[in-house]
Amino acid sequence: MLALAAWQLIRALMAPKMQGSAAEKAHGIDAVKKFLRDNAGEAKVIALTVMLVLYILMMQWIGFFVSTLLLVILASRLMEAKDWGRPIALAAGVGLFCYLLFEVWIKLSFPRGVLF
């Protein structure tokens, strides 16, 4: 997912450079700022990509379950969940499902992290 999201972002950033006049072309940081300003939906894709990278990096330190709970809650809020109750309930459900499926049924252990 991460590679596909990065590829779509690169293609979207390159597309304006192929169109328009030379005066409209922007380079570097200005191109990114203009792109995000014109395409607010892509800002969410970038934020989700950053969250996925942090999720992978944090998993070894804080464990699978805590990092998964944080990812699900933050991703739900990023997708404009109305309140905090539903994302927390969804995260608890995902965590419980993963625990029952992998730890109990398949007997596969996840990274525990420093907290557990």
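On a predicted model such as this, the values are computed, not experimentally measured, just so you know. For this chain, numbers begin at 1 and follow the sequence in order.
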K.L.:
Minimum heavy-atom separation for I73 to P87, with atom names?
P.N.:
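Heavy-atom minimum between the residues: CG1-O, 3.8 Å.
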K.L.:
Suppose the criterion is salt bridge (charged side-chain N to carboxylate O under 4.0 Å, His left out): which pairs have a residue in residues 53-71, not counting sequence neighbours?
P.N.:
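Checked against salt bridge (charged side-chain N to carboxylate O under 4.0 Å, His left out) - neighbours excluded - no pair reaches residues 53-71.
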K.L.:
Which pairs count as salt bridge (charged side-chain N to carboxylate O under 4.0 Å, His left out) when at least one residue sits in residues 54-77, sequence neighbours excluded?
P.N.:
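Matches after skipping sequence neighbours: none remain.
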K.L.:
Of all residues at least two apart in sequence or in a different chain, which pass the side chain to side chain donor-acceptor pair (under 3.5 Å) check with T68?
P.N.:
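Partners of T68 by the side chain to side chain donor-acceptor pair (under 3.5 Å) criterion, ordered by chain and then number, come out as Y55.
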K.L.:
Is there any salt bridge (charged side-chain N to carboxylate O under 4.0 Å, His left out) pair reaching into residues 51-75, and which pairs are they, with sequence neighbours excluded?
P.N.:
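Applying salt bridge (charged side-chain N to carboxylate O under 4.0 Å, His left out) to every pair that reaches into residues 51-75, excluding sequence neighbours, yields nothing.
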K.L.:
If I take atom CE from residue M58 and atom OG from residue S67, how far apart are they, to the nearest 0.5 angstrom?
P.N.:
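OG of S67 is found 5.5 Å from CE of M58.
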K.L.:
Return the set of residues passing side chain to side chain donor-acceptor pair (under 3.5 Å) with E103 (not counting sequence neighbours), or none when no residue passes.
P.N.:
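Result, side chain to side chain donor-acceptor pair (under 3.5 Å) vs E103: R112.
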K.L.:
Are L69 and W84 connected in the hydrophobic side-chain network, where two residues link if heavy atoms are under 4.5 Å apart?
P.N.:
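No, because L69 and W84 fall into different hydrophobic clusters, even though each may have its own neighbours under 4.5 Å.
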K.L.:
Side-chain contact test, heavy atoms from C-beta onward, threshold under 4.5 Å: evaluate it for V104 versus Y99 and give yes or no.
P.N.:
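Yes - at least one pair of side-chain heavy atoms lies under 4.5 Å apart.
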K.L.:
I'd like to know whether L70 forms a side-chain contact (heavy atoms from CB on, under 4.5 Å) with I62, so could you lay out the CA-CA distance, the side-chain angles of the two residues, the decisive distance to 0.1 Å, and finally the verdict.
P.N.:
CA-CA 11 Å; L70 291 174; I62 64 173; 4.0 Å; yes
K.L.:
What pairs meet the salt bridge (charged side-chain N to carboxylate O under 4.0 Å, His left out) rule with one or both residues in residues 81-92, with sequence neighbours excluded?
P.N.:
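Counting only pairs at least two positions apart or across chains, no salt bridge (charged side-chain N to carboxylate O under 4.0 Å, His left out) contact touches residues 81-92.
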K.L.:
My understanding is that only residues two or more places apart in sequence, or in another chain, count here; which of them pass side-chain contact (heavy atoms from CB on, under 4.5 Å) with L78?
P.N.:
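Partners of L78 by the side-chain contact (heavy atoms from CB on, under 4.5 Å) criterion, ordered by chain and then number, come out as K44, A47, L48, M51.
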K.L.:
Restricting to ring pair (Phe, Tyr, Trp, His ring centres under 6.0 Å), what partner residues turn up for F110, sequence neighbours left out?
P.N.:
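Ring pair (Phe, Tyr, Trp, His ring centres under 6.0 Å) list for F110, sorted by chain: F64, F65, F102.
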K.L.:
Other hydrophobic cluster members with V72, side-chain heavy atoms of Ile/Leu/Val/Met/Phe/Trp/Tyr under 4.5 Å, chained?
P.N.:
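Besides V72, the hydrophobic cluster comprises L90, V94, listed by chain and residue number.
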K.L.:
Decide whether M79 and V50 are clustered together by the hydrophobic rule: side chain heavy atoms of Ile, Leu, Val, Met, Phe, Trp, Tyr closer than 4.5 Å, transitively.
P.N.:
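No, it is not one cluster - the side chains of M79 and V50 are not joined through contacts under 4.5 Å.
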